[in-house]
Amino acid sequence: GWFVMVDRAKALIKNPAISKTIIVTVGTFMGSIFAYILQVFLGRWLSVSDFGTFTALLSLYLIFGVITSAALTSLVKLVAQLSSENKFDTLTQMFINLSTVVLSFGGFLFAIVVIAKGLLAKFLGIDDVTLFYFFGFFVGVSFLTMLPNAYLQGMLRFRSYAFFAAFTQFMRLGLAAGAVMLGFGLYGVFGGMAASVLVVYLVGVLLLKRNFSKFEKTDLGSYYKGMMVFARAVLFTQVGMTLLNNVDVILVKHFFDSNSAGIYAGMVTIGKVLLFGASTVGVVMFPMISSAFGKGEDYLSKFKPLLFLQVLVVLLGVGLFFIFPELITRVMFGPSYAASAVYLPRFALFVGSYVLINFVILFLLAINKVRVFLLLIPAIVAQIVLISLYHDSIVSVVNVNLAVSASLLIGVVLYFTKNVSFSNSTSIQTRGDNPAEH
């Protein structure tokens with residue numbers, strides 16, 4: 001029996017989908033280490049109140065970026081299609097065009113942050129309005145990195161993608177932490193992270209150079225139209241997933257005192273170790289399934305081992321947080337955040353549910369099953385309403401998150417079983433729910 005298990009494990013590791021997942025996991029894990037070194041550094045160097053402010057603004061940034069997240073998902077799908085057709089001249093022209101578009105959109109977001117700085121400061125309880133200029137600059141340039149990210153992922157260049165993921169977080173750590181050590185505080189955090197984006201973008205261009213080719217300017221309108229149609233269909237899904245994972249931090253910053261908000265931010269930061277570590281399976285799965293679906297291949301044979309791996313990773317991660325909450329908290333943030341440990345196991349269940357929800361939704365998007373967003377709307381409304389009503393303690397907020405995510409996971413699984421047949425993958429392509437129909 002033991003030898004059979006070993007042989008099965010070897011066969012599983014040799015599976016191309018699993019081996020690519022391992023490569024991406026290693027790179028993303030290294031990136032996560034750098035990201036969490038930065039989080040730990042900020043948690044120790046900044047006051048608890050300032051760390052709460054940083055985490056709240058970071059959550060606000062993720063909500064700002066929800067539109068680009070939808071565009072990123074759509075772009076990965078388009079790049080996977082074009083690269084499978086060897087249309088690298090089209091991809092080159094598109095990269096240049098989209099870089100200009102992203103910068104213009106970033107300027108627009110910077111203006112919004114600056115104009116709304118007074119309202120944002122009041123809502124989040126932040127006294128230093130000047131901080132929003134640095135935060136706005138970071139928001140404005142940050143989405144540049146999504147282009148090389150999407151290209152490397154869509155082209156299935158997972159080794160380069162893994163390096164890019166690690167390097168991105170390494171540069172963010174070095175420049176942001178360096179600025180804080182020089183005494184620039186939260187200004188330095190956001191200014192350093194903004195500077196790191198520019199460096200990382202240039203490195204991404206160098207990584208993609210071998211895939212770029214000379215091109216004659218052509219009308220790419222049909223490609224952009226197709227991308228935006230899919231992005232529009234995906235947008236509601238991305239909004240829902242982003243809000244589900246960030247709205248609690250913002251509401252806690254609004255309803256709780258600064259110290260409690262900082263403790264909650266510490267718990268969230270520690271809990272999201274699981275999120276970043278486990279989500280690498282979806283990074284590999286989405287472009288693989290998108291490419292296979294576009295070619296009319298049997299994509300379910302690629303999906304099954306990744307589904308097994310995703311569930312296994314989540315179970316192992318949640319188990320560790322249940323067994324060692326105090327140790328994990330102490331190692332990451334020290335005694336200042338010891339109060340976070342008691343909430344960590346329950347919050348890990350929320351994060352584990354979120355990872356599984358996101359994984360299944362990514363698969364459904366890869367096969368053009370976009371109406372799953374209808375399940376997210378009531379879940380987000382319930383989360384916002386329930387936290388607004390029940391915020392007498394941190395555990396109340398965690399309970400709301402857990403109840404909402406568990407209910408949503410059940411709904412997504414039911415949607416999956418209704419729309420996907422494991423016995424007949426080709427039938428999925430013939431049943432409606434195509435984004436072009438919306």
Side-chain angles (χ1 to χ4, degrees), residues 35 38-39 41-43 45-69 101-146 168-169 171-201 238-239 242-243 245-266 268-269 272 384:
L38 176 60
Q39 297 277 358
F41 173 84
L42 295 178
W45 276 67
L46 300 175
S47 66
V48 173
S49 177
D50 278 353
F51 185 71
T53 297
F54 164 74
T55 305
L57 288 176
L58 200 59
S59 294
L60 183 63
Y61 155 71
L62 293 173
I63 293 174
F64 266 122
V66 71
I67 295 176
T68 56
S69 296
V101 171
V102 169
L103 275 177
S104 299
F105 179 70
F108 172 71
L109 289 179
F110 173 76
I112 288 179
V113 171
V114 170
I115 292 171
K117 62 183 183 299
L119 292 175
L120 292 172
K122 183 178 181 181
F123 182 81
L124 295 174
I126 298 173
D127 297 327
D128 187 2
V129 178
T130 305
L131 177 61
F132 285 92
Y133 288 97
F134 292 87
F135 172 67
F137 178 59
F138 166 65
V139 171
V141 300
S142 62
F143 300 113
L144 273 176
T145 57
M146 86 172 196
T168 297
Q169 297 301 333
M171 288 304 302
R172 178 177 289 192
L173 165 64
L175 295 182
V180 172
M181 293 177 71
L182 291 173
F184 293 104
L186 286 175
Y187 295 170
V189 174
F190 290 108
M193 291 197 303
S196 73
V197 169
L198 302 178
V199 175
V200 167
Y201 172 78
Q238 295 287 359
V239 168
T242 302
L243 288 174
N245 195 32
N246 291 280
V247 75
D248 59 326
V249 176
I250 292 174
L251 290 176
V252 165
K253 188 70 174 71
H254 175 67
F255 286 119
F256 286 67
D257 64 87
S258 59
N259 188 72
S260 296
I263 294 296
Y264 190 86
V268 170
T269 302
K272 287 183 179 178
I384 294 173

Report yes or no: does [X] contribute a side-chain atom to a donor-acceptor pair with the main-chain N or O of [Y] at less than 3.5 Å?
X	Y	result
K122	L119	no
K253	L124	yes
T55	G52	no

Next on the checklist: For F190 and F138, take the angle between the two ring planes, folded into 0 to 90°, and tell me which bin it lands in: parallel under 30, tilted 30 to 60, perpendicular over 60.
Outcome noted: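 F190 vs F138 ring planes: tilted.
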Can you name the closest pair of heavy atoms from [X] and [Y] and give their distance?
X	Y	value
L38	A176	CD1-CB, 4.1 Å
S59	N246	OG-OD1, 3.4 Å
V197	V141	CG1-O, 3.1 Å
F51	L46	N-CB, 4.3 Å

Distance (rounded to the nearest 0.5 Å) between [X] [atom1] and [Y] [atom2]:
X	Y	atom1	atom2	result
L198	M171	CG	CE	10.0 Å
D50	W45	CG	CH2	14.0 Å
D127	S258	CG	OG	9.5 Å
I250	F123	CD1	CZ	7.5 Å
D128	K117	CG	NZ	12.0 Å

Validation row: [X], [Y] side chains within 4.5 angstrom (heavy atoms):
X	Y	value
L60	F135	yes
F132	V114	no
F256	I263	no
L131	L57	yes

Checklist entry - Is there a side-chain contact (heavy atoms from CB on, under 4.5 Å) between L144 and L103 once you walk through the steps? => result CA-CA 7 Å; L144 273 176; L103 275 177; 3.8 Å; yes
Next on the checklist: If the condition is side-chain contact (heavy atoms from CB on, under 4.5 Å), which residues does Q169 pass it with, not counting sequence neighbours?
Outcome noted: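 Residues passing side-chain contact (heavy atoms from CB on, under 4.5 Å) with Q169: F34, A35, R172.
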Checklist entry - Considering the options Y187, F54, Y61, which one meets the ring pair (Phe, Tyr, Trp, His ring centres under 6.0 Å) requirement together with F134? => result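 In the set Y187, F54, Y61, the residue that makes a ring pair (Phe, Tyr, Trp, His ring centres under 6.0 Å) with F134 is Y187.
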Checklist entry - Any chance CZ of F184 has more than 12 other-residue heavy atoms, nucleotides or ligands included, within less than 6.0 Å? => result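 Check fails, neighbour count at 12 or below.
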